[in-house]
Amino acid sequence: YPVSKIFLFVAIDVRPGKYDEFVSALSQHISVIRTESGCEFIDIYRDVDKENVVNVWEIWSDRPSWDAHMVNANSKAWQAIAKDLVFGETITVMDPLS
């Protein structure tokens, strides 16, 4: 069986007044994620309809790469920073249909 890529869409609910600080911190965090094994694509987007929502689109080469990312030192450090800036996040894992 071919190894399945992991496609992720993350919606992050940023605390009011923390948007600029959050995006700045997230941009730095993402620059590190881009160097991680298995990360094929990651970028951040502003939700045009929800002023305090930031979206992240990610593609990982396989599930083990994403799993390793979720528990590595960079992610643990990020969680400590983000907890004061966000209410939470929703991660949607998607399979391509074509």
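Keep in mind that the numbers below use all heavy atoms, side chains included, and drop hydrogens, waters and symmetry copies. Positions are given from 1 along the sequence. These figures come from a predicted structure and were not determined experimentally.
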For the residue pair F22 and W78, does the interplanar ring angle fall in the parallel (under 30°), tilted (30 to 60°) or perpendicular (over 60°) class? tilted
Taking atom OG1 of T35 and atom CD1 of I30, what is their separation to the nearest 0.5 Å? 12.0 Å
With a 4.5 Å limit on heavy-atom distance, are the side chains of F41 and R34 in contact? no
How about I12 and V56: do any of their side-chain heavy atoms sit closer than 4.5 Å? yes
Assigning hydrophobic clusters by single linkage (Ile, Leu, Val, Met, Phe, Trp, Tyr; side-chain heavy-atom cutoff under 4.5 Å), is F7 placed with Y45? yes
Taking all atoms of both residues into account, what is the closest heavy-atom pair of I6 and D62, and its distance? CG1-C, 3.7 Å
Evaluation steps, side-chain contact (heavy atoms from CB on, under 4.5 Å), between D67 and V71: CA-CA 7 Å; D67 288 344; V71 298; over 6 Å; no
Assigning hydrophobic clusters by single linkage (Ile, Leu, Val, Met, Phe, Trp, Tyr; side-chain heavy-atom cutoff under 4.5 Å), is V53 placed with Y19? no
Would a 4.5 Å heavy-atom cut-off, applied to side chains only, mark W60 and S4 as touching? no
Where is the tightest heavy-atom contact between E36 and H69, given as atom of each residue plus distance? OE1-ND1, 2.9 Å
Return the minimal non-hydrogen interatomic distance between D84 and R15, and the atom names on each side. O-CD, 3.4 Å
Audit row: I33, N74, side-chain contact (heavy atoms from CB on, under 4.5 Å) steps and yes/no: CA-CA 8 Å; I33 294 173; N74 184 42; 3.7 Å; yes
If Ile, Leu, Val, Met, Phe, Trp and Tyr residues are connected whenever their side-chain heavy atoms lie under 4.5 Å apart, and connections chain through other members, are F9 and L26 in the same group? no
Is there a donor-acceptor pair closer than 3.5 Å between any side-chain N or O of S75 and the backbone N or O of N72? no
Would D95 and K5 count as a salt bridge (charged side-chain N to carboxylate O under 4.0 Å, His left out) here? Give the steps. CA-CA 8 Å; D95 286 329; K5 290 186 182 187; over 6 Å; no
Residues W66, V93; criterion side-chain contact (heavy atoms from CB on, under 4.5 Å); working and verdict: CA-CA 11 Å; W66 181 48; V93 179; 3.9 Å; yes
Is there a path of hydrophobic side-chain contacts, each under 4.5 Å between heavy atoms of I, L, V, M, F, W or Y residues, that connects L85 with I91? yes
Closest heavy-atom contact between S65 and G38? OG-CA, 3.6 Å
Closest heavy-atom pair, L8 versus W57, reported as atoms and distance to 0.1 Å, is O-CE3, 3.1 Å
Is there a path of hydrophobic side-chain contacts, each under 4.5 Å between heavy atoms, that joins V23 and I81? yes
Do I42 and H29 have side chains that get closer than 4.5 Å, going by heavy atoms? no
Closest heavy-atom pair and its distance - V10, E58: CG2-OE2, 3.7 Å
